[in-house]
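Here is how names work: the chains are called A, B, and so on, in the same order as the sequence lines, proteins then strands, and each is numbered from 1. Fair warning: this is a prediction, and the values are worked out from it, not measured in the lab.
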Protein chains: 2
Amino acid sequence: MAEELVVTPWEVKGKVDYDKLIKQFGTSPITAELEKSLVSVTGEDNIFLRRKLFYSHRDLDKAIADFKGGKGIYLYTGVGPSNPMHIGHLVPFFFTKWLQEKFGVNLYIQVTDDEKFVFKRERTLEHITKVADDDIRNIAAVGFDPDKTFIFKDTEYIDHIYKLALKVSREMNYSQVKSVFGFNNMTNVGLMFFPSLEIVPTMFEKKRCLIPDAIDQDPYWRLQRDMAEKLGYHKAAQIHSKFIPPLTGVEGKMSASKPETAIYLTDDEKTVKSKIMKYAFSGGQESVEMHRKLGGNVDVDVSFLWLRDFFEPDDEKMAQIEKDYRSGKMLTGELKQMLVDKVNALLTKHRANKEKADSAIEKIKYSGKLAQKMWETTFE
Amino acid sequence: MAEELVVTPWEVKGKVDYDKLIKQFGTSPITAELEKSLVSVTGEDNIFLRRKLFYSHRDLDKAIADFKGGKGIYLYTGVGPSNPMHIGHLVPFFFTKWLQEKFGVNLYIQVTDDEKFVFKRERTLEHITKVADDDIRNIAAVGFDPDKTFIFKDTEYIDHIYKLALKVSREMNYSQVKSVFGFNNMTNVGLMFFPSLEIVPTMFEKKRCLIPDAIDQDPYWRLQRDMAEKLGYHKAAQIHSKFIPPLTGVEGKMSASKPETAIYLTDDEKTVKSKIMKYAFSGGQESVEMHRKLGGNVDVDVSFLWLRDFFEPDDEKMAQIEKDYRSGKMLTGELKQMLVDKVNALLTKHRANKEKADSAIEKIKYSGKLAQKMWETTFE
C-alpha cells in the first residue's frame with residue numbers, strides 16, 4: 001500500500017505528488033505563458049522556473065499586472081527557526097533575492113520563533129533564539145537590498161503586530177484551523193493562534209503581496225485569501241516551490257532530526273562528500289556492468305535531481321548529464337562527485353558571505369530605510 | 001423548568017446557586033475560622049467578608065501562611081474593558097484596595113483589551129481603547145498605592161509578556177479550553193489563545209499570587225493551578241466574590257447591553273434615583289396595606305441586597321433595616337430611597353476622585369516604583 005500523502009506546514013509524509021497538491025490546495029500550475037509573462041517583466045529567466053522547482057501559484061498574473069500597471073507589489077517570505085538550516089531552506093531565499101532584484105520592491109522576512117517555540121513543549125526559548133539568530137545570519141548572507149528588506153523575529157516585533165494579529169485572529173475559528181492545518185484536540189492554543197501572526201505581514205502594505213515559498217505553507221494563504229478583502233487588504237499572491245528531495249530518497253522532506261537526509265549549511269567539505277557518497281539515493285544499477293548496459297533512473301536519483309533543481313544552472317550541461325546518466329555512460333560515482341563539487345562550492349561561498357554579514361544584518365534588522373520605518377510603525 | 005445555570009467569564013445565565021458553584025468549580029467556602037485567620041493578619045474586619053460577598057477561595061490559608069511566614073505574597077486582579085464600568089465592577093477593586101492596605105504588598109491590574117477586542121468581531125480597537133482608558137481612570141480613583149501598583153493594557157505591555165504567554169500556551173490544548181471555558185468549533189483562535197495572557201501575571205513574582213475576583217473568572221485559575229508548579233511558579237490563590245445582583249432581579253449579572261440592570265459610574269443623581277425607583281426588583285407587597293401586614297421578602301429585594309452586600313457597612317443599622325423591612329414597618333419606597341442616597345454619595349465621591357486621578361494614573365501606569373520596574377522587565 002502506498003504511504004499516505006500528508007503535507008502541512010509541520011509535516012510532509014510520503015512521496016509528494018505535486019500535481020495532486022495543486023488540485024488538493026486549489027492552486028494553479030505556472031503555465032509556459034505565465035512564465036513568459038514573468039520573464040518579460042524581470043527581463044531574465046530563472047533556473048528555478050525553467051526547471052519547474054517553482055511550479056504552482058495563486059494570482060501571480062495579478063501580481064505581474066499590478067507591478068506593470070504601477071500599483072506596485074511587495075515580497076514576503078519567512079523561516080521557522082527550529083533547527084539549523086539546510087540546503088533546502090536556502091532555495092526560496094535565492095529565488096526571492098532574484099525577484100527583489102528584478103522587481104526592485106520591498107521584502108519582509110518573518111522569523112517565526114514563536115511558532116517553533118510553541119510547536120514542541122520541550123523546546124527552550126534559548127535554543128530557538130540561537131537558531132533564529134543563526135538563520136538571520138544565513139539569510140543576510142544571501143544578500144538582500146539593505147534598504148528594502150526588513151527581517152524580524154516575531155517575539156521581538158510583537159509590540160508592532162499584536163493588534164493586527166488580534167484582528168486577523170477573529171476571522172479564524174477552530175473549525176477552520178482544524179480543517180486547514182489538521183489541528184486537533186491535543187493542539188495547544190499557542191499553535192492555534194500562531195497563523196494570525198504569519199498572516200499579518202501580508203497586510204504590511206496596501207499593495208498586493210507576493211509570497212515565494214514552499215507549497216506546504218499554502219494553508220496560511222488560503223485563510224488569508226478568505227479574509228483579506230473583508231479587512232481592507234489585498235488577497236496575497238503566491239509562487240510555490242516543490243521541496244528539494246531528501247538525500248535518502250524522493251519521499252518526504254529533509255529533516256533535521258535525520259542528519260543523513262540533509263546537507264546543512266555548516267557541513268564541511270568532508271562531511272558533504274561523505275553524506276552524498278554514502279546516503280544520496282542512487283538511480284544507478286547494482287554493478288558497473290549492469291549500469292553501462294541499462295543506464296541510471298533519473299526520476300529517483302537524488303544527486304541528479306539536486307543538480308537539476310538547483311546546482312547545475314547550465315541547461316546544455318544538464319541535458320548532457322541526463323543523456324550520459326540515462327545511457328549508462330556516466331556512473332553514479334561520477335554523478336555524485338559533480339554534486340559534491342557544486343555543493344561545496346556553494347557552501348564555501350555562502351560561509352564566506354556569512355562571515356561578512358554583520359553590517360547587512362544590522363541594516364535589514366534595524367538601520368536600513370525599510371527597517372527604520374518598520375520600527376516606527378504599529379499595525380492595527 | 002428552572003433556567004439552566006451557566007457561569008463562564010463571558011456569560012452568567014440563570015439564578016446563580018453559589019454553593020453549587022463551589023462544588024462545580026472545586027473551590028472551598030470561606031469558613032468562620034479562615035475569616036478569623038485573615039482578620040488576625042489584617043487587624044481589621046471587612047464588610048465584604050462579614051456579609052459573605054467574598055465567600056469562596058482556593059489556598060487563601062496558604063497565602064496567609066506565606067505572608068505570616070515571611071515568604072510574602074502579591075495581589076493580582078483585572079478588568080475587561082468592553083463597556084463602561086458599573087457599580088458591580090468596583091466591588092473587587094474596593095476589596096483589593098483593602099487587601100493591599102492591610103498586607104502592604106504589590107498589586108498588578110491587567111486590563112484585557114485584547115480579550116474584549118477578539119470576543120466580538122464587530123468591535124473596533126478604538127472603542128475598546130476608549131473604554132479601557134476610562135476603566136483605568138475609574139480604577140485609579142479607587143486609590144491604590146502608587147509605588148506598589150502596576151496597571152497595564154495587554155496590547156501596550158505585550159512586548160514584555162508575549163514570551164511567557166507562549167510558554168503558558170503550550171500547557172493548554174483545545175480539549176482543555178473547550179471543557180473549562182465552553183469553547184467550541186466557532187470560537188476564534190484569538191479568544192482561544194487569550195487565557196495564556198490572563199495567566200501570565202500569576203507568574204510575575206516568585207511568590208504566591210492572591211487573586212481577588214468574581215467567581216466567574218475561576219476557569220483561568222483552574223488551568224493556572226494545573227501548570228504553575230511544572231513551570232516553576234506557585235499555584236495562584238483566589239478569593240472569589242458573588243455578583244452584585246442586577247437591579248432587575250437576582251438572576252444573571254448586570255449587563256451593559258441592558259441599562260436597566262445596572263447603575264453605571266457615570267449615572268447622575270437623577271438617573272440613579274429613577275433607575276432604582278423604576279427597576280430595582282422589590283420584595284415588597286402589592287399594596288401598602290398588604291406590606292404592613294406581610295412585610296417584605298429580603299431574599300429577592302435587590303435594594304435590600306445591594307445595601308447588605310455593599311452600601312450599608314454598619315451591621316447594627318443593617319440588622320434594623322432587615323427587621324423593619326421584614327416586619328412591614330419599612331416600605332419599599334423608603335428602602336429604595338436609602339439605597340438611592342447611598343449610591344449617589346458613593347458615586348459623587350468616586351467622580352470627584354476620578355477628576356483628580358491624573359497623577360495617580362501616571363504613577364500606576366509608568367512612573368511609580370513598581371511600574372518603572374515592570375517596564376524594565378521582560379518575562380520569559
Side-chain angles (χ1 to χ4, degrees), chain A residues 112-126 128-129 153-181 183-199 223 227 230-231 378-380, chain B residues 112-126 128-129 153-181 183-199 223 227 230-231 378-380:
Chain A
T112 60
D113 57 349
D114 47 359
E115 174 207 7
K116 293 304 178 183
F117 179 67
V118 296
F119 185 64
K120 284 195 179 160
R121 240 184 201 166
E122 63 273 20
R123 286 181 181 158
T124 66
L125 202 56
E126 198 187 352
I128 297 289
T129 302
K153 288 186 270 189
D154 281 342
T155 61
E156 279 186 355
Y157 198 60
I158 187 68
D159 197 23
H160 299 257
I161 51 179
Y162 185 59
K163 290 174 180 175
L164 184 50
L166 293 174
K167 193 180 270 179
V168 168
S169 79
R170 298 198 297 193
E171 304 297 325
M172 297 182 285
N173 64 33
Y174 180 69
S175 280
Q176 290 164 313
V177 295
K178 183 180 165 184
S179 102
V180 170
F181 294 108
F183 290 162
N184 59 43
N185 281 337
M186 301 300 286
T187 306
N188 74 54
V189 298
L191 196 62
M192 273 196 273
F193 178 64
F194 168 73
S196 319
L197 273 295
E198 182 152 333
I199 287 171
L223 290 169
M227 73 176 78
K230 194 164 43 171
L231 297 181
T378 297
F379 296 91
E380 286 194 1
Chain B
T112 59
D113 58 349
D114 47 357
E115 173 207 6
K116 293 304 178 183
F117 179 68
V118 296
F119 186 63
K120 283 192 180 164
R121 241 186 200 165
E122 63 274 20
R123 286 180 181 160
T124 65
L125 202 57
E126 197 185 353
I128 298 288
T129 302
K153 288 186 270 190
D154 281 342
T155 62
E156 280 186 356
Y157 198 59
I158 187 67
D159 197 24
H160 300 257
I161 51 180
Y162 185 58
K163 289 175 181 176
L164 184 50
L166 293 174
K167 194 181 272 180
V168 168
S169 78
R170 298 199 297 194
E171 303 298 325
M172 297 183 285
N173 64 33
Y174 180 68
S175 281
Q176 290 165 313
V177 295
K178 182 181 167 184
S179 103
V180 171
F181 295 109
F183 290 162
N184 59 43
N185 281 337
M186 302 300 288
T187 306
N188 74 54
V189 298
L191 196 62
M192 273 197 271
F193 178 64
F194 168 72
S196 319
L197 273 296
E198 183 151 333
I199 288 170
L223 289 170
M227 73 176 77
K230 195 165 39 171
L231 297 181
T378 297
F379 296 91
E380 287 194 2

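Proximity to chain B is limited to the side chain of A:Leu125, based on heavy atoms less than 4.5 angstrom apart. Both the backbone and the side chain of A:Phe117 come within contact range of chain B, judged by heavy atoms closer than 4.5 Å. When heavy atoms are compared at a cutoff of 4.5 Å, B:Val118 approaches chain A by way of both its backbone and its side chain. Contacts of A:Thr187 with chain B are made by backbone atoms alone, with heavy-atom separations under 4.5 Å and no side-chain atom involved. Interface residue A:Asn184: only backbone heavy atoms are found under 4.5 Å from chain B. For A:Leu197, the part lying near chain B is the side chain, with the backbone staying farther off; criterion is any non-hydrogen pair under 4.5 Å.
Qualifying salt bridge (charged side-chain N to carboxylate O under 4.0 Å, His left out) partners for A:Lys167, counting only residues two or more places apart in sequence or in other chains: none. Residues passing the salt bridge (charged side-chain N to carboxylate O under 4.0 Å, His left out) test with A:Arg123: none are found, sequence neighbours excluded.
With hydrogens and angles ignored, the 3.5 Å screen pairs a side-chain donor or acceptor of B:Asp113 with a backbone N or O of B:Thr155.
You'll find the ring centres of B:Tyr174 and A:Tyr174 inside the 6.0 Å limit.
Note: B:Phe193 and B:Tyr162 have perpendicular aromatic rings, judged against thresholds of 30 and 60 degrees for the angle between ring planes.
Taken from CZ in B:Phe379 to NE2 in B:His160, the straight-line distance is 9.5 Å, to the nearest 0.5 Å.
Heavy-atom pairs under 4.5 Å with chain B were tallied for A:Lys178, A:Glu171, A:Gln176, A:Glu380; the largest tally goes to A:Glu171.
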